Amino acid sequence: MDTVAVAKLALSAATYAIDRPYDYQVPRELADTLRPGMRVVVPFGAGNRRTEGIVLAFEDGRPPDPKRKTILTLLDEEPVLDAEALQLALWMRERWFCTVYDAARAMLPAGLYFSLQDRYAVAPGIDRETAYASAGKSEHARRILELIFASGGSAERRQIREAFGIKDPNPALRQLTDHGVLQLETSAERGVGDKTEQVAVLAVPAEEAMAQVTPKRRSAPLRYAVIELLAALGSASSKELCYFTGASSATLRSLTKSGLVRLERREVFRRVRVPEVESAPPPELNEQQQAAFEGLSALAAAGKPAAALLYGVTGSGKTQVYIRLIRQVLDRGRTAIVLVPEIALTPQLLRSFTAQFGDAVAVLHSSLRAGERYDEWKRLRTGKARVAIGTRSAVFAPLKDLGLVILDEEQEATYKSENVPKYHARDVAKYRCTQSGALLVLGSATPSVESMYLARTGVYHCFTLSRRYNEQALPAVFIADMKEELRAGNGTSLSLPLRQALEETLRAGEQSILFLNRRGASRMVSCGECGAVPTCPRCSVHLTYHSANGRLMCHYCGHSERLPAACPACGGTLNFIGAGTQKVQEELEAAFPGITVLRMDTDTVSATQSHEKLLSRFEKEKIPILVGTQMVAKGLDFENVTLVGVVSADLSLYVDDYRAGERTFSLLTQVVGRAGRGNKKGRAIVQTYTPENDVILCAARQDYDRFYEQEIVLRRLRGCPPFRDLFVVTASGLSESAVLKTCMRLRRSLEDWLERPEFRALEAQVLGPAPASVAKVNDRYRYRLTLACRNTRAVRAMVAHLVRCAQKDKENKGVSVSADVDPLD
DNA sequence: AGCACGCCGACT
DNA sequence: GTCGGCGTGCTC
């Protein structure tokens, strides 16, 4: 009997509700070349639209099935994912409620991505008249033809859909293709961010262009703004042009139609890599470092999966241990991954790694151009580079014989992805280490409570570095009670002790850093008279001011508007509020006339220069005082900084999140550790309205162990990680009542499930529905249910089932449902 | 999600 | 009789 070869594919068009391996017939000409891990193009769905798929496996000897469709084309010459990576993708689907394709997409560099477009083109030999005759009386078909002829004979399906709005162009499109007037072509284009970018240039002299748009300045302000900017610059990238003027790509297109602007593609110059550094000898280790190294090295040598916590106080030299460990792993013929929270904040670490390992290091992070990222990815896959350093997504580095994964500052929130797939790099790292018998090293001065718990209970090995480099003493920490300051009539953000300390530091010719630990440090605008704050029309958030383009912008949906001259509600004067760094800067300048105060927050960094530049200015010019947000907390060490002030330790503490204590402790510890890195002794002043708070007291004493002991009790009591995980099911939609109804249905079936004998013992708890932290985004209301429960395979399967059923349920029409584990907010 | 099929009202 | 709007069900 005749049999055929069938490929099992994961498809990009399959949503979570219908994600499963799909069977496709392998055409004879691909039978020899096609292997698992390669990407292909296949027809999918009733309309056979082109979809990308990735080969998971083959099955030979299957009976032919007339219903089965056939693979159209091959996209790769070599597999882009190996067997282990495919296995990881399947595991991610189970663990984080995403599709296999979502997982695969996270693993591959964007430069590898194709965008498949269905294009409708006028068939050869068909003229306008024949075409319109075929359209007959169909209004839809006529409109489609108009669009296609207007755009030069062909148009993308997406374009046609958008032009139609809600109505369905498909019957008309089918009619036209059936008559042979139009034909469908598929184009596979390389994805975004290649080596070129779109640039807009003036097509006519600047004066002429200005003369054309000026009369219509009122009615077409965006066109005017674009031309005005282009007249000044000559040319600019389309992206920047839109950012600075608030114009959309439609504005640019309309300007090209008027003949004022030309759009071109221009080569983007690949950016300079890590600066060349002289190679350095392996670092010398002190006694403690040596002990940690030997312990870790033995674990790595065993070739069995293992995890260890490297708990080392700030300045105890964890990097040197990493370097020696990597060296050894490389010498044994294996490879290593180093994850850091943010590349930009770790230039020193990057430099020392390059000095040690030279070309064997590949750097992967989000601000690399797609092409560069792709190049680095290829170097890793081919074995030319054997150490990958990067942020979260570098955990997927395509390395064979992985022997070691290091997560530096493992408690950092950046290791959890906020986009689908919402994975945590720590868990992916664990899985990869298990796959390849590698060692996972979690390094931190302030480990996450979860990791320390696992270390204390013997799941992780634990190594401690308690001695600071050169035996430096920890800075002396003083807590300033801001309630008392208020009672004494001091309403500013600078307490008396902080003022005095600043004065003394100034007099000694030393430098100070003031830290404002406010999350998402951005600036808002409010009316001085009526107190109104401009809000996004589509989302329930305040708009933030961007000084770079002078506009108010929404960080959730991208809405932007010009900063109004006066309050739209009452006509009053608008004031800037927000990060407060500016206010602190002003207060400092008033208190210390003539002293330079450098400010570093999202505003000054994006507008003027990179924070690296700002920091080097601070160091080289010995600017007396630096005020900043989160970004001053980490990274560089300054010899001459002897005073650190925390303006308000409470800001990150009293928020509704079980990790608030941990985050505040970690931040305060890092900030305090900034003082006195050189020979001089440092001190720190922590200002707070709640000086009796245990987290603040522990941080002031740099007493992690005490903090942990208290925190773990709270976590157990509240049923938070590490004792239970929080599964969050989110429903969103345009109708608030529909979203809430979906949530109530979900809650009921969740409770039904938990009644079953196999789940009773888990003592799970269901909370909500409650509005999400940002209750409305893009006009969609968001509510969520929280299930606090041990994270077992059965529970994950149950949640997955629940989400899938909710997505398929007709009662939930117009509401989308998704799930996440231990989300950040 | 995206597409086809089928039902039904409006217009011719 | 069409055309087009809308609800329902499936995706190899």
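Bear in mind that the values here come from a model prediction, so they are computed numbers and not experimental data. Chain naming here is simple, since letters A, B, ... match the order of the sequence lines and numbering starts at 1 in each. Note that these values count all heavy atoms, side chains included, but never hydrogens, waters or copies made by symmetry.
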(message) Just N and O in the side chain of A:Ser138: are any of them under 4.0 Å from OP1 or OP2 of C:dT2?
(response) no

Atom [atom1] of [X] and atom [atom2] of [N]: how far apart are they, to the nearest Å?
X: A:Arg49; N: C:dC10; atom1: CZ; atom2: P; answer: 16 Å
X: A:Phe44; N: C:dT11; atom1: CZ; atom2: P; answer: 9 Å
X: A:Glu139; N: B:dT12; atom1: CD; atom2: P; answer: 13 Å
X: A:Lys808; N: B:dA1; atom1: NZ; atom2: P; answer: 14 Å
X: A:Arg158; N: B:dA1; atom1: CZ; atom2: P; answer: 13 Å
X: A:Lys69; N: B:dC3; atom1: NZ; atom2: P; answer: 12 Å
X: A:Glu811; N: C:dT8; atom1: CD; atom2: C1'; answer: 14 Å
X: A:Asn170; N: C:dG4; atom1: CG; atom2: P; answer: 14 Å

(request) Compute both the distance and the angle, then confirm whether A:Arg128 meets the cation-pi test with A:Phe149: under 6.0 Å from the six-membered ring centre, within 45 degrees of the axis. (result)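 Relative to the ring axis of A:Phe149, which defines the angle, A:Arg128 lies inside both limits.
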
Nearest-nucleotide pick for [X], side chain only, options being [options]:
X: A:Arg174; options: B:dA4, C:dG4, B:dC3; answer: B:dA4
X: A:His140; options: C:dT8, B:dA1, C:dG4; answer: C:dG4
X: A:Arg157; options: C:dT11, B:dC3, B:dA1; answer: B:dC3
X: A:Arg161; options: C:dT8, C:dT11, B:dC3; answer: B:dC3

(message) Once you apply a heavy-atom cut-off of 4.0 Å, does A:Lys810 come out as touching a base, just sugar-phosphate, or nothing?
(response)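 Here A:Lys810 touches the backbone only, sparing every base.
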
(request) Would you mind checking if A:Glu94 and A:Arg796 are paired as a salt bridge, meaning a charged N to carboxylate O distance below 4.0 Å? (result) yes

(request) Under the ring-ring contact (aromatic ring centres under 6.0 Å, His included) rule, what do A:Tyr431 and A:Tyr423 come out as? Steps first, then yes or no, please. (result) CA-CA 12 Å; A:Tyr431 187 86; A:Tyr423 67 93; over 10 Å; no

(request) Could you tell me whether a side-chain N or O of A:Lys69 sits under 3.5 Å from a main-chain N or O of A:Gly45, the two making a donor and an acceptor? (result)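 Yes.
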
(message) Using heavy-atom distances to pick each residue's nearest nucleotide on DNA chain B, tell me which of A:Ser816 and A:Pro171 is more 5'.
(response) A:Ser816

(request) Take A:Leu252 and A:Leu241 through the side chain to side chain contact (heavy atoms under 4.5 Å, CB included) test and state the conclusion after the steps. (result) CA-CA 9 Å; A:Leu252 295 187; A:Leu241 212 51; 3.9 Å; yes

